[in-house]
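As a basis for the values below, the full set of heavy atoms in this structure was taken, side chains included, without hydrogen atoms, waters or symmetry mates. A, B, ... follow the sequence lines: proteins, then strands. Residue 1 opens every chain.
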Amino acid sequence: MAQAANADFKTRLQSLLPKLVLSPSLALVLVFVYGFIFFSVYLSFTDSRLLPSYGWVGWENYSKLWRLSHWKTSLTNMGIFAALYISVCTVLGLGLAIFLDQKVRAEGMIRTIYLYPMALSFIVTGTAWKWFLDPGIGLENVLQTWGWATFEFDWIKNRDFAIYTVVLAAVWQTSGFVMAMFLAGLRGIENEILKAAQMDGASNWNLYRRIIIPQLRPAFLSAFVILSHLAIKTFDLVIALTGGGPGRATELPATFMYSYTFSRNQMGIGAASATIMLMTIAAIMIPYLYAELREKK
Amino acid sequence: MSVATQDTAIRTGRVTRTLIYLILILFALFYMLPLYVMAVNSVKPLDEITGGGMMNLPKVFTLEPWAKAWSYAQIGVDPTGLQPYFWNSIKMVVPAVAISTVLGALNGYVLTKWRFRGDTILFGLMLFACFIPFQIVLIPMARMLGLMGMAGSTGGLVLVHVVYGIGFTTLYFRNYYAVFPTELIRAAQIDGAGFFQIFWRILLPSSGPIAVVSIIWQFTNIWNDFLFGASFAGADSQPMTVALNNLVQSSTGVKEYNVHFAGAILAALPTLLVYVVAGRYFVRGLMAGSVKG
Amino acid sequence: MGFLDIDNTTKSYGAVEVLHNVDISVDEGEFLVLVGPSGCGKSTLLNMIAGLEDISSGEIRIKDQIMNGVHPSKRNIAMVFQSYALYPNMTVGQNITFGLEMHGTPKPQREKAMKDVASLLQIDQLLDRKPGALSGGQRQRVAMGRALVRNPDVFLFDEPLSNLDAKLRVDMRTEIKKLHQKLGTTIVYVTHDQIEAMTLSTRIAVMYGGYVQQLGTPQEIYDSPANIFVATFMGSPAMNVVPAKVVLKNAKPVALVALHDGSTVSLPFSQDNMTAWDGRDIMLGIRPETITDEDAADRNSSNIARMTNRIVVTEPAGSDTFVTMTFGGKDVIARMRSDADVRAGADFPFAVNMEKAVAFDPETEMRIIP
Ligand SMILES: Nc1ncnc2c1ncn2[C@@H]1O[C@H](COP(=O)(O)OP(=O)(O)O)[C@@H](O)[C@H]1O
Ligand SMILES: [Mg+2]
């Protein structure tokens, strides 16, 4: 090209610089994310136990995995947890956002209170809720000493209900954030549309049902994507709150993977479970990211 | 929060308003409750807690649990308190936040102002990296840190947090620089400014707000991380979250709830402080991570 | 060879060619305006001259030096942007001297150059302010100061006035013209506003769809547009272009055009070569100011035709009154004196200055050259 012939060294260096500057980050991501993903997926087809080993075993780890009741329990728990966590956070977040959007007094303070749990570590959240829900010293004890002698609340110690305490603590931590997302969505709606709808005689109920909530679609979508990926990644909270117990009542795929890989020396199976987690998140995130990045063009 | 109140067209009656306030206050209590419980019980002697009355204000006020949690509670094998782990966290967080923010700023600059074919795909690859379940990288990461001689070191944790934080910092700066007028870059080019001069003299002086978002976001995430700390930290590089968990889960002796609560608050304090001081930016960061503009 | 040569230059984005074989040669001291509707490729061409966009094929030379691949800062050009592109974190003074600083000019010289430019543009009192604290007009001046201080070979302007309100735009237009007359530098100026193009330029390149449609002096462009696009784009209100049929009347060519009631009027051509088009359809171009009432008709014209047509709408605009009629099956506008006695619905005797009329080939839309 005619360009290159005329370009002096400095100009050519300048035109290379952007790519040069981007390349360390890119290299890091390619190796530490995609290289590692590849490696883990590869391990899931090997006979690795305590250490990586490269004996190819095909789908054996996956078939073993699916025969493990431990894995099935953690998937069932995931199903219950994700469904409740996502729906309760969404409903609560939307409700609180709508209430907070009624020009209430001290809105700033209330928002701050609703949101601060998001700044905490799940370990802290887990610790706090663990003792708050403890039948011996927590809520049950308090209500009993306040005179409600028959009150019982031992979910955290109860195999059938422990998973709901995880939902409770997780909702406590994230619902304020979902509220903030919906609030931003509500504030973004043209006020004139609302005025026009009122001129048309719409009641508040209809205004929300027919005009406002349908316009919050992007906020719903973002909330769903964020919450579902948080749900699949939930790990610290369970460790701190219940440690996966009682029994296996609150095991989730993330804790399953951790214990199989690092405590039980079943690295192949651990890798297989991590691969399944990745695929699930990819199925949600990739279409979302694709749509988001395409629109911007 | 960054969202300004607008003159909403919706009108509500007296009864409805009272109801709304009631619900809002009820939930405010719900969100405050665990913090309240931790705070009041962290200044009670242990026997007052085990005797019940979790919600009561302390009859005997004591700062002893705080002192113990900070400087001589049994964590692991030594009665060191959380203090050394706090400094471990600081030593890990500061460089990790600084490096990932600088890289994110440079990446955002290149991805918006020096665009090239395929740049959106590269960005997509970086962004997706933020959302992967980190379980998928745990095994190879442990191997890699071993190979690089960084296993169990603070340096290793810094590397890990930089790698998995770049996606977010790049996202923030990219979205911010995307609306920065490209004509300014062109004007500076004609004026003879080079790649780094433009970044340093033109872009960076206007990047204050987004740098704050990026720093707060990274600080909160890295400080609160447990998985990487638990997986890759050595005995003398464990961060605060891991130490807190050890303290709380330790099965020996009586459970010193008051010390646990004091420790939990200590672990939460830095991020809480940031949230109270700069909550506005914190929320903006959260939103940028989700409703990406 | 001119001072600035754009030689058979093409621009493609991927497979899409957005500029096709542009050929323009600009002499030293010329004021060239690139004008055309939005998206026609004006900014792209200007950015190629500046070095902000690569040249896909062809050559751009300044003072006979090939500029392809040369960094923008090494072309000795300066540019004023539509948004002014003032660095928000620097003061006015720093904005003006930033380029000199980047080129390693010592501080005392920078200061002096800044003072000179500031007094030339009357912005001395603004030097310590930040751009955020300036009005639109002041920012415009600072942007020009930043360009002037470099003392470049060529000034490039990309729609510099389109962010100003109407009054300020006219003032700044005059200001730029004065500056050009005073300094005599070569200017390439992009605008979509044909009035700016006409008033400022020594030559105009009218662009459309990535092609230069016509290159010429303002007078040439206005009086002898190369095609229907140029004819209708330049001038306000736009030139009326109506279908007509050429016939010979007493061996002289005339245009037959339909009036409002379907009857036809014959308008004699001044150009004898229209004889060759006998019996064929053409498009006849008549500028609004050449349709007047009898008294206002151009006394120097040798060819005034007359017709009576019905007025549909009148629009008094102060100095003139615009009259709309149905002519050749289209809405045609005439520009009358403000005191002309025109009323909607009335039949009115118009005078048409056929000396100024132009004819276009309806197939190619090119002007039929006399
Ligand atoms: N980076 C780009 N990639 C693809 N097409 C572009 C790009 N920049 C400009 N174009 C196209 O080139 C054409 C000319 O654009 P431009 O020079 O900005 O027009 P003008 O300044 O005359 O309004 C437009 O059709 C535009 O869509
Ligand atoms: Mg343009």
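Using a 4.5 Å heavy-atom cutoff, the side chains of C/Arg75 and B/Ile190 are not in contact. At a threshold of 4.5 Å between non-hydrogen side-chain atoms, the residues B/Arg186 and C/Glu53 count as touching. You'll find the side chain of B/Leu204 stays beyond 4.5 Å of the side chain of C/Asn89, heavy atoms only.
Both the backbone and the side chain of C/Gln82 have a heavy atom closer than 4.5 Å to some heavy atom of chain B. Contact of C/Ile77 with chain B is made through backbone and side chain together, with heavy-atom distances under 4.5 Å. Residue C/Ala143 does not touch chain B at all, counting heavy-atom pairs closer than 4.5 Å.
The local environment of OH in C/Tyr208 is sparse, with at most 12 non-hydrogen atoms from other residues, nucleotides or ligands closer than 6.0 Å. For C/Lys74, the NZ atom is densely surrounded, since the number of other residues' heavy atoms within 6.0 Å is greater than 12. Atom NZ of C/Lys177 is surrounded by more than 12 heavy atoms from other residues, nucleotides or ligands within 6.0 Å. Heavy atoms of other residues, nucleotides or ligands lying less than 6.0 angstrom from CD of C/Gln65 number 12 at most.
For the options B/Arg201, B/Gln189, B/Glu183, heavy-atom pairs under 4.5 Å to chain C are most numerous at B/Glu183. Contact tally against chain B (heavy-atom pairs below 4.5 Å) for C/Leu86, C/Leu52, C/Asp158, C/Asn47: the top residue is C/Leu52.
Here the CD1 atom belonging to B/Ile185 is positioned 9.0 Å from the OH atom belonging to C/Tyr87, to the nearest 0.5 angstrom. From C/Glu101, atom CD reaches atom CD of B/Gln197 across 8.0 Å, with rounding to the nearest 0.5 Å.
Looking at every heavy atom in both residues, B/Asp191 comes nearest to C/Arg150 through OD1-NH1, 3.6 Å.
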